[in-house]
> 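The structure's right below; bear with me while I get my questions together.
When reading the values below, keep in mind they use all heavy atoms of this one structure, side chains included, and skip hydrogens, waters and symmetry mates.
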Amino acid sequence: AITQFTNNFNTSMDNLEELVLTTIDARGLIEDTWSFSLEHKIDHQVLIGVLKSLLADRYVIDEPISTTFWTLTKEGEEVKVNGSPENIVLKMVPAEGITVANLNSLVGNEVGKIGVGACMKNKWLKKSGDLLVPLIADVVDQTAFLLQQVSISNESGLDLTTYDEDLKLLKKRKLVQQVTRKSYKITKGEEFKSKRTRKMADLNKSMLGSKNDMAPGTHWSDLSFKSVNLKSMGAPVGGGNFHPLLKVRAEFRRILMDMGFQEMPTNKWVESSFWNFDALFQPQSHPARDAHDTFFIKEPAVTAKLPEDYYERVRSTHESGGFGSIGYGCNFKREEATKNLLRTHTTAISAQMLYQLAQEEVFTPRKYFSIDRVFRNEAMDATHLCEFHQVEGLVADRNLTLGNLIAIIKTFFEKIGITQLRFKPAYNPYTEPSMEIFGYHPELKKWTEIGNSGMFRPEMLRPMGLPEDVRVIAWGLSLERPTMIKYKIENIRDLFGHKADLAKQRNAPIARF
């Protein structure tokens with residue numbers, strides 16, 4: 001019956017499965033899957049795949065078999081056909097002798113080198129001056145014979161035990177190699193049947209209903225179901241994850257709060273030009289207020305209200321000066337001040353917080369910080385986007401100096417791992433003195449600009465109503481640059497935007513400084 005089945009055998013998986021079950025049912029087992037695959041001309045790996053499926057449903061039981069045997073290497077195959085180098089060399093040496101150079105020209109340098117060495121070792125040749133002279137007329141090529149025996153054993157199962165020592169020498173010559181083949185002995189399992197019944201994975205709607213109204217074999221009670229492992233782990237849930245920027249932001253936020261800073265409310269992205277520029281004593285003719293650098297809002301285009309008494313003091317300071325300043329001598333325009341825009345820096349919020357502080361009856365020193373998004377109409381490249389996150393901190397207290405500002409900056413940057421700092425004088429419209437902050441990065445091995453800082457000018461603070469001896473020191477940096485350094489990202493578009501790698505963001509470690 002098996003022979004008849006094999007003749008009609010089709011190599012599809014179902015037919016192979018049926019062949020395996022029919023064979024086990026007739027013989028009681030499959031002694032060796034390798035022999036079985038040779039007998040029926042089946043790929044052994046395909047057979048193993050079918051058996052794994054049967055094992056899962058407990059139709060069969062497997063028992064591993066390891067078989068170690070010798071095979072010829074590529075060089076061994078050549079020697080089996082052409083003869084060993086020592087035999088080739090001996091045949092080419094005439095009775096009167098031959099020089100090494102002439103011999104190599106006949107057999108080739110490689111065969112000559114190996115063959116002469118083996119012949120000298122076997123005492124088949126001797127040196128006589130410049131000549132190689134034979135000591136024996138002819139020999140049986142034992143090496144080629146052994147290789148032929150190895151080749152025959154793989155086809156017929158010839159026992160090579162008597163040649164063990166010789167085969168070890170051939171292995172050193174890289175003519176043969178030992179291979180371990182894994183196969184299996186297959187016997188009947190708990191659920192064995194001569195024909196497999198597929199078990200259902202899930203109960204579905206089509207299996208439910210009145211059995212009398214359904215086709216035979218389609219009701220759930222007629223079907224077998226796969227067992228359920230209630231202790232197995234479920235599939236990973238694809239939940240949300242924190243962006244690397246948010247991880248660094250959370251760490252910066254923790255550091256600043258540890259230093260005693262209070263977070264400012266920065267959830268309002270749209271600001272008026274008054275708070276974004278004018279309140280900071282930035283002239284209305286400044287190029288940063290041009291549409292090429294700032295995103296202005298089309299609707300609503302202007303703000304609904306401004307604190308009028310404070311607006312008048314700001315206008316007067318711009319036009320005529322005050323508090324030791326001559327101002328800008330400009331014609332301050334209300335229509336320019338009321339334009340709405342996407343804030344270009346979080347200092348617009350700082351100005352509003354300082355104005356609120358000035359309205360208190362008794363001045364109380366404060367330390368504020370913010371980390372939020374700002375917008376600039378800039379050309380995008382590997383290090384610039386139209387939007388980025390600004391980290392800003394300020395301290396308002398009496399009689400503060402530039403030394404206090406440097407000390408605060410050093411304390412913050414030391415906490416994020418940047419201990420070598422340099423300060424360079426700079427210009428900002430609303431701070432005087434102003435400093436750019438440079439830090440040495442040990443991984444990049446260079447000094448890089450990491451922030452800006454300064455003391456707010458009296459022309460900004462006094463119109464708010466703050467006491468004359470109150471000074472405000474402030475500093476800021478982007479969130480993106482330290483994040484890119486922390487996670488070794490070279491292009492900012494790989495960090496933020498539609499080109500960002502979501503898998504890389506999901507797997508980014510928590511930021512620790």
> Examine distances only and state if a side-chain atom of Ser153 and a backbone atom of Val150 form a donor-acceptor pair shorter than 3.5 Å.
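At least one qualifying donor-acceptor pair exists.
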> Between Val20 and Leu47, which heavy-atom pair has the shortest distance, and what is it?
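Distance-wise, the nearest heavy atoms are CG2-CD1, 3.7 Å.
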> Any donor and acceptor pair, going by atom type alone, linking the side chain of Arg249 with main-chain N or O of Ile371 inside 3.5 Å?
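Between the backbone of Ile371 and the side chain of Arg249 there is a qualifying donor-acceptor contact (under 3.5 Å).
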> For the backbone of Arg373 and the side chain of Arg343, can you confirm whether one donor and one acceptor N or O come within less than 3.5 Å of each other?
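It does hold such a pair.
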> Under a 3.5 Å distance rule, please check whether His389 uses its side chain to pair with a backbone N or O of Ser478 as donor and acceptor.
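Not a single qualifying donor-acceptor pair exists.
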> Return yes if a side-chain donor-acceptor contact under 3.5 Å exists between Asn377 and Thr294, otherwise no.
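Looking only at side-chain atoms, Thr294 and Asn377 do not form any donor-acceptor pair under 3.5 Å.
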> Quick one: are Val179 and Thr68 in side-chain contact, heavy atoms under 4.5 Å?
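Not touching, per the 4.5 Å side-chain cut-off.
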> Please work out which of the three classes, parallel, tilted or perpendicular, describes the rings of Phe413 and Trp475, given edges at 30° and 60°.
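Rings of Trp475 and Phe413: tilted, 30 to 60°.
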> Without swapping roles, check the side chain of Asn122 against the backbone of Ala118 for a donor-acceptor pair under 3.5 Å.
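Yes; at least one donor-acceptor contact below 3.5 Å.
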> Checking the side chain of Asn340 only, and the main-chain atoms of Phe296 only, is there a donor and an acceptor separated by less than 3.5 Å?
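Such a contact is absent between Asn340 side chain and Phe296 backbone.
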> With a 4.5 Å heavy-atom cut-off, do Thr180 and Thr67 have their side chains touching?
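Answer no - side chains too far apart.
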> Nearest heavy-atom pair of Ile88 and Asn82: which atoms, and what distance?
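Looking at all heavy atoms of both residues, the closest pair is CD1-O, 3.8 Å.
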> Working to the nearest 0.5 Å, report the span between OG1 of Thr344 and CZ of Phe375.
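Thr344 atom OG1 to Phe375 atom CZ measures 11.0 Å (nearest 0.5 Å).
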> Test your reading of the model: is there a side-chain donor-acceptor pair from Asn229 to the backbone of Lys231, 3.5 Å cut-off?
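Indeed, once roles are kept as given, a pair shorter than 3.5 Å links the two residues.
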> Looking only at non-hydrogen atoms, find the nearest pair between Ile98 and Leu106 and report the distance.
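Heavy-atom minimum between the residues: CD1-CD1, 3.8 Å.
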> Kindly say whether Thr346 contributes a backbone atom to a donor-acceptor pair with the side chain of Gln390 at under 3.5 angstrom?
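Yes, the answer is positive, given that a donor and an acceptor are paired below the 3.5 Å cut-off.
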> Please evaluate residues Leu203 and Trp220 with respect to the criterion side chain to side chain contact (heavy atoms under 4.5 Å, CB included), reporting the C-alpha separation (whole Å), side-chain torsions for both, the decisive distance (0.1 Å), and the verdict.
CA-CA 7 Å; Leu203 181 70; Trp220 66 267; 3.7 Å; yes
> Tell me, with the steps shown, if Leu477 and Ile437 meet side chain to side chain contact (heavy atoms under 4.5 Å, CB included).
CA-CA 9 Å; Leu477 68 151; Ile437 309 166; over 6 Å; no
> Run the side chain to side chain contact (heavy atoms under 4.5 Å, CB included) test on Arg181 and Phe69 for me, step by step, so that the C-alpha distance in whole Å, both residues' side-chain angles and the decisive distance to 0.1 Å come before the verdict.
CA-CA 8 Å; Arg181 179 181 65 228; Phe69 57 96; 3.5 Å; yes
> Taking atom NE2 of His44 and atom OG of Ser183, what is their separation to the nearest 0.5 Å?
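Nearest 0.5 Å value for the NE2-OG distance: 5.5 Å.
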> Please report the shortest heavy-atom distance between Ser206 and Met214, naming the atom on each side.
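Minimum heavy-atom contact is O-CE, 3.2 Å.
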> Are Thr143 and Val79 close enough that some pair of their side-chain heavy atoms sits under 4.5 Å apart?
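Heavy-atom side-chain distance check passes, below 4.5 Å.
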> Going from CD on Glu480 to CD on Glu387, what distance comes out if it is rounded to the nearest 0.5 angstrom?
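Here the interatomic distance stands at 9.0 Å.
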> Take atom CG in Asp130; do more than 12 heavy atoms of anything else shown fall under 6.0 Å from it?
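Open: at most 12 neighbouring heavy atoms sit under 6.0 Å from CG of Asp130.
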> For Ser105 and Asn102, which I'm curious about, is there any donor-acceptor pair between the side chains at under 3.5 Å?
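Not at all, the side chains of Ser105 and Asn102 share no donor-acceptor pair under 3.5 Å.
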> So do the side chains of Met257 and Phe369 get within less than 4.5 Å of each other, counting heavy atoms only?
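With C-beta onward as the side chain, the pair touches.
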> Any donor-acceptor pair under 3.5 Å linking the side-chain atoms of Glu63 with those of Thr187?
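Note: Thr187 and Glu63 side chains miss the donor-acceptor criterion.
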> Might you point out which heavy atoms bring Lys174 and Thr73 nearest each other, and give the distance in Å?
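Heavy atoms of Lys174 and Thr73 come nearest at O-OG1, 2.7 Å.
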> Determine whether Lys168 and Asp164 satisfy the following criterion, salt bridge (Lys or Arg N to Asp or Glu O under 4.0 Å), listing intermediate values before the conclusion.
CA-CA 6 Å; Lys168 287 177 183 177; Asp164 274 354; over 6 Å; no
> Can you confirm whether Lys410 is buried at NZ, in the sense that more than 12 heavy atoms of other residues, nucleotides or ligands lie under 6.0 Å from that atom?
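Incorrect, the count does not exceed 12.
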> What's the spacing between Leu256 CG and Asp258 CG if we round to 0.5 Å?
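CG of Asp258 is found 9.0 Å from CG of Leu256.
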> To the nearest 0.5 Å, what is the distance between CG on Leu72 and CG on Leu170?
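With rounding to 0.5 Å, CG (Leu72) is 9.5 Å from CG (Leu170).
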> If we only count heavy atoms from C-beta on, is the Thr71 to Val176 side-chain gap below 4.5 Å?
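Side chain of Thr71 against side chain of Val176, heavy atoms only: no contact under 4.5 Å found.
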> Does the structure place the NZ or CZ of Arg196 under 6.0 Å from the centre of the six-membered ring of Tyr59, at an angle of no more than 45° from the ring's axis?
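Arg196 over Tyr59 ring: yes.
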> I'd like to know if the side chain of Ser37 pairs up with that of Asp43 as donor and acceptor (distance under 3.5 Å, no hydrogens or angles considered).
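Asp43 and Ser37 do not have a side-chain donor-acceptor pair below 3.5 Å.
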> Taking the side chain as everything from C-beta on, heavy atoms only, tell me whether Lys211 gets closer than 4.5 Å to Asp222.
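Yes - at least one pair of side-chain heavy atoms lies under 4.5 Å apart.
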> Short question: side chain of Lys367, backbone of Met259 - any donor-acceptor pair under 3.5 Å?
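Pair found, side chain donor or acceptor close to backbone of Met259.
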> Without hydrogens or angle criteria, can the side chains of Ser370 and Asp372 be said to hold a donor-acceptor pair below 3.5 Å?
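Not at all, the side chains of Ser370 and Asp372 share no donor-acceptor pair under 3.5 Å.
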> I'd like to know whether CD of Glu96 has more than 12 heavy-atom contacts from other residues, nucleotides or ligands below 6.0 angstrom.
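Atom CD in Glu96 is crowded, with more than 12 foreign heavy atoms closer than 6.0 Å.
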> Between Lys193 and Asp25, does a salt bridge (Lys or Arg N to Asp or Glu O under 4.0 Å) hold up when you go through it step by step?
CA-CA 8 Å; Lys193 296 182 184 69; Asp25 191 38; over 6 Å; no
> Give the C-alpha distance, both sets of side-chain angles, the deciding distance and a yes or no for side chain to side chain contact (heavy atoms under 4.5 Å, CB included) between Leu21 and Leu54.
CA-CA 9 Å; Leu21 292 174; Leu54 292 170; 4.2 Å; yes
> Please name the residue in the list Lys123, Lys121, Arg173, Lys113 that meets the salt bridge (Lys or Arg N to Asp or Glu O under 4.0 Å) test with Glu86.
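That would be Arg173.
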> With distance as the sole test, does His40 use its side chain to make a donor-acceptor pair with the main-chain N or O of Ile42 at under 3.5 Å?
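Not a single qualifying donor-acceptor pair exists.
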> Where is the tightest heavy-atom contact between Leu421 and Trp447, given as atom of each residue plus distance?
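Heavy atoms of Leu421 and Trp447 come nearest at C-CZ3, 3.9 Å.
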> How many angstroms lie between atom CD1 of Ile186 and atom CG of Leu51, to the nearest 0.5 angstrom?
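Here the rounded value is 4.5 Å.
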